[in-house]
Amino acid sequence: METANIFKRIGYAMQPKHNDKKMVKLWIFWILFCLGLFLIPQSVTQGSVLILLPLVGLFIYALTTQDVMSALILGTLAMYIQWYKLGTIPAFFADMESSLCDEENIEMYMSFFLCGGIIIAMKRVGATDAFTNLITKKFGRNEKLIMTSAGLYAGATSVDDYVSALTAGAAFSPLCDAIKKPRVAMAYVIRTLSINVSMMLPFGAWGYFVIYQIAAAKNVGSRAEAKGIFLQTVPFMFYCIVACVVALLFALGVIPKIGKMKEAYRLMDEEGIQYGADEDALLEEQEEGGDDPRHKYVSVWNLLIPIITIIIALLATDLNCFLAFGIAMIVTGVLYIMQGLCTVKEFAECIVDGFIDMMDMVIILMIGYIMQNVLYAMGMEEFVESVCGLIPMASLLPVLIFVFFAVEEYLYSLNYTLFQIAIPVLMVVLPKVGANIPLCLGALISASLFGANACMVSDLGIISARSCRVGIVEQYKTSLPYFIISAGICAVMYLVGGFVL
């Protein structure tokens with residue numbers, strides 16, 4: 001439009017005929033949807049199933065636009081509109097400030113920034129290329145061996161699932177280009193193994209957190225008792241076990257490619273196109289090594305030493321990711337600079353560029369924590385307790401807990417917050433109704449892990465997509481059938497287990 005007049009431009013841009021018809025319909029739906037949420041009284045929303053309504057709107061918006069960032073922001077604002085009404089804006093920014101001031105959140109954000117810098121440094125000095133060359137020399141172009149190795153690596157390093165997904169994606173995903181296979185397949189395997197194995201380890205990030213939540217229950221006397229209950233629960237984490245088996249069978253070629261995953265393989269085989277690839281990121285990845293003569297002969301240890309340092313530092317610092325990545329950054333910088341692979345200035349630029357590379361992911365995670373705050377305010381804890389109280393038979397509790405919370409977590413993965421809210425409540429409620437405590441806790445944990453795998457906007461989904469340089473939505477579409485298959489098997493197992501165990 002050839003005018004600088006603000007009012008004329010607004011009048012022109014707001015006309016439906018000058019906009020995409022699909023988006024016009026979506027915005028009409030969204031405005032009416034938010035108006036409906038605004039009109040629901042707080043007393044009706046408190047602790048009821050209505051607190052999940054904004055998640056449905058978020059899911060519809062994300063699927064329609066395939067824009068995760070916008071969907072998450074608008075979905076979060078919809079929750080604030082539903083609960084805080086005219087106080088939406090001040091409440092939203094108050095919770096944002098609270099999230100940004102939270103010590104644990106700051107450590108997590110800084111961990112991602114530092115990890116991003118280390119990954120970029122490994123790529124620019126040619127360390128990832130050296131790893132790619134080593135694996136392809138050892139395994140040739142055997143997709144099964146490479147995919148399985150990636151999965152086993154992700155599981156073996158899953159003391160922290162974020163570290164596992166980030167480093168596995170950085171190390172193994174370039175191999176997909178070398179063997180002409182889709183990166184979304186690698187992202188699926190890494191995403192599945194990294195988080196599900198971490199959950200089953202009592203010293204893993206997820207297991208460690210769950211033990212703390214069990215210990216927080218009124219009827220649990222000590223952390224030692226909580227650890228014993230957790231260990232009893234591990235065999236009943238059916239989704240964690242089944243999902244890992246399905247992913248490894250997929251990697252070995254036993255389970256066929258279906259749905260969008262099949263399409264991704266077809267595009268690569270017939271047209272050489274990486275389905276859902278982040279083209280800008282891939283182009284940057286290709287240019288990072290360049291033709292610098294300093295990077296002609298680079299040892300694979302330049303990739304392994306930083307990763308080993310991260311894992312050792314994690315164990316030595318009691319899973320302090322920020323400190324572990326800080327130590328690894330120093331070790332990596334000294335290692336590369338002393339070999340002449342980069343200068344101090346170039347390594348500093350890698351760290352800064354890593355911050356920039358991780359920024360959108362950190363923003364998405366930050367908004368996710370803000371959403372968790374408002375869900376808690378709306379009575380998520382009361383809602384969980386009421387759901388458990390409505391189930392008439394203790395034998396049905398495991399399968400109903402799994403199915404209900406799997407659906408809720410699929411719409412939006414609460415991750416740790418679900419455990420914070422539900423586990424202390426369940427530990428008190430389950431003995432009263434005569435339920436099998438380890439089996440029911442396993443069902444809740446399985447539902448949460450299904451959400452972390454299957455939800456489009458889960459934090460681990462975002463991380464695995466970023467580390468493998470693929471789109472979040474494309475990763476979601478290709479992986480979802482396998483997660484649903486795993487969940488379906490688990491639902492049957494929990495149904496049978498409720499009556500047999």
Side-chain angles (χ1 to χ4, degrees), residues 135 139-156 158 161 164-165 168-169 172-173 175-200 237-270 273-277 402-403 406 410 446-447 449-456 458 460-461 464-465 467-468 470-496:
I135 297 296
F139 295 149
R141 297 185 179 275
N142 190 315
E143 177 195 356
K144 296 177 183 178
L145 288 176
I146 290 173
M147 287 286 183
T148 304
S149 297
L152 294 176
Y153 169 90
S158 66
D161 54 313
S164 174
F172 284 90
S173 62
L175 290 165
C176 293
D177 299 331
I179 64 174
K180 306 298 182 186
K181 298 300 176 185
R183 287 188 177 223
V184 286
M186 183 71 75
Y188 158 62
V189 173
I190 289 172
R191 179 178 184 176
T192 305
L193 271 293
S194 60
I195 194 169
N196 287 292
V197 175
S198 180
M199 182 70 258
M200 292 185 285
M237 297 178 188
F238 294 152
Y239 179 81
C240 300
I241 299 166
V242 172
C244 289
V245 171
V246 169
L248 288 174
L249 290 176
F250 169 86
L252 290 168
V254 176
I255 292 179
K257 283 71 181 176
I258 54 178
K260 287 291 183 179
M261 188 69 79
K262 185 176 181 179
E263 174 67 9
Y265 271 85
R266 187 197 66 79
L267 282 172
M268 177 54 74
D269 292 341
E270 297 180 7
I273 297 173
Q274 279 284 6
Y275 174 79
F402 175 73
V403 171
Y410 172 66
S446 289
L449 271 291
F450 168 73
N453 274 169
C455 177
M456 189 188 305
S458 80
L460 190 73
S464 58
S467 68
C468 292
V470 296
I472 296 170
V473 175
E474 289 77 13
Q475 178 189 234
Y476 161 78
K477 289 180 178 179
T478 50
S479 302
L480 185 60
Y482 301 99
F483 296 140
I484 290 176
I485 288 170
S486 301
I489 295 170
C490 290
V492 174
M493 293 174 74
Y494 283 119
L495 178 61
V496 174

Distance check, rounded to the nearest 0.5 Å: [X] atom [atom1] versus [Y] atom [atom2]?
X	Y	atom1	atom2	answer
Ser467	Ile190	OG	CD1	5.5 Å
Ile241	Met199	CD1	CE	12.0 Å
Leu249	Thr148	CG	OG1	9.5 Å
Leu175	Leu145	CG	CG	12.0 Å
Met261	Tyr275	CE	OH	10.0 Å
Asn453	Ile484	CG	CD1	12.0 Å

**OP:** Report yes or no: is the cationic atom of Lys257 (NZ for Lys, CZ for Arg) closer than 6.0 Å to the six-membered ring centre of Phe250, at no more than 45° off its axis?
**Re:** yes
**OP:** Please work out which of the three classes, parallel, tilted or perpendicular, describes the rings of Phe238 and Tyr494, given edges at 30° and 60°.
**Re:** tilted
**OP:** Look at the aromatic rings of Tyr153 and Phe172 and report parallel, tilted or perpendicular, splitting at 30° and 60°.
**Re:** tilted
What pair of heavy atoms forms the shortest contact from [X] to [Y], and how long is it?
X	Y	answer
Pro182	Gln274	CA-OE1, 3.2 Å
Phe402	Cys490	CZ-CB, 3.9 Å
Met456	Val473	SD-CG2, 4.0 Å
Cys468	Ala187	SG-CA, 3.7 Å
Ala247	Leu193	CB-CD2, 3.7 Å

Taking side chain as C-beta onward, heavy atoms only, is [X] less than 4.5 Å from [Y]?
X	Y	value
Asp177	Arg183	yes
Tyr239	Ser486	yes
Met268	Cys176	no
Val197	Cys244	yes
Ile485	Ile258	yes

**OP:** Evaluate the criterion side chain to side chain contact (heavy atoms under 4.5 Å, CB included) for residue pair Arg191 and Ser458; output intermediate values, then yes/no.
**Re:** CA-CA 11 Å; Arg191 179 178 184 176; Ser458 80; 3.1 Å; yes
**OP:** State which residue, out of Glu143, Lys181, Glu270, fulfils the side-chain hydrogen bond (donor to acceptor under 3.5 Å, both in side chains) condition with Tyr265.
**Re:** Glu143
Original post:
Is the side chain of Thr478 donor-acceptor paired with the backbone N or O of Gln475 at a distance under 3.5 Å, no angle test?
Top reply: yes
Subject >> Whether Thr192 side chain and Ala243 backbone form a donor-acceptor pair below 3.5 Å >> reply: no
Original post:
Are the aromatic rings of Tyr188 and Phe483 close, with centres under 6.0 Å apart?
Top reply: yes
**OP:** Before accepting this row, confirm whether a basic side-chain N of the pair Glu263/Lys260 lies closer than 4.0 Å to the acidic partner's carboxylate O.
**Re:** no
**OP:** Could you walk me through whether Ile146 and Met186 pass the side chain to side chain contact (heavy atoms under 4.5 Å, CB included) test, one step at a time?
**Re:** CA-CA 9 Å; Ile146 290 173; Met186 183 71 75; 4.1 Å; yes
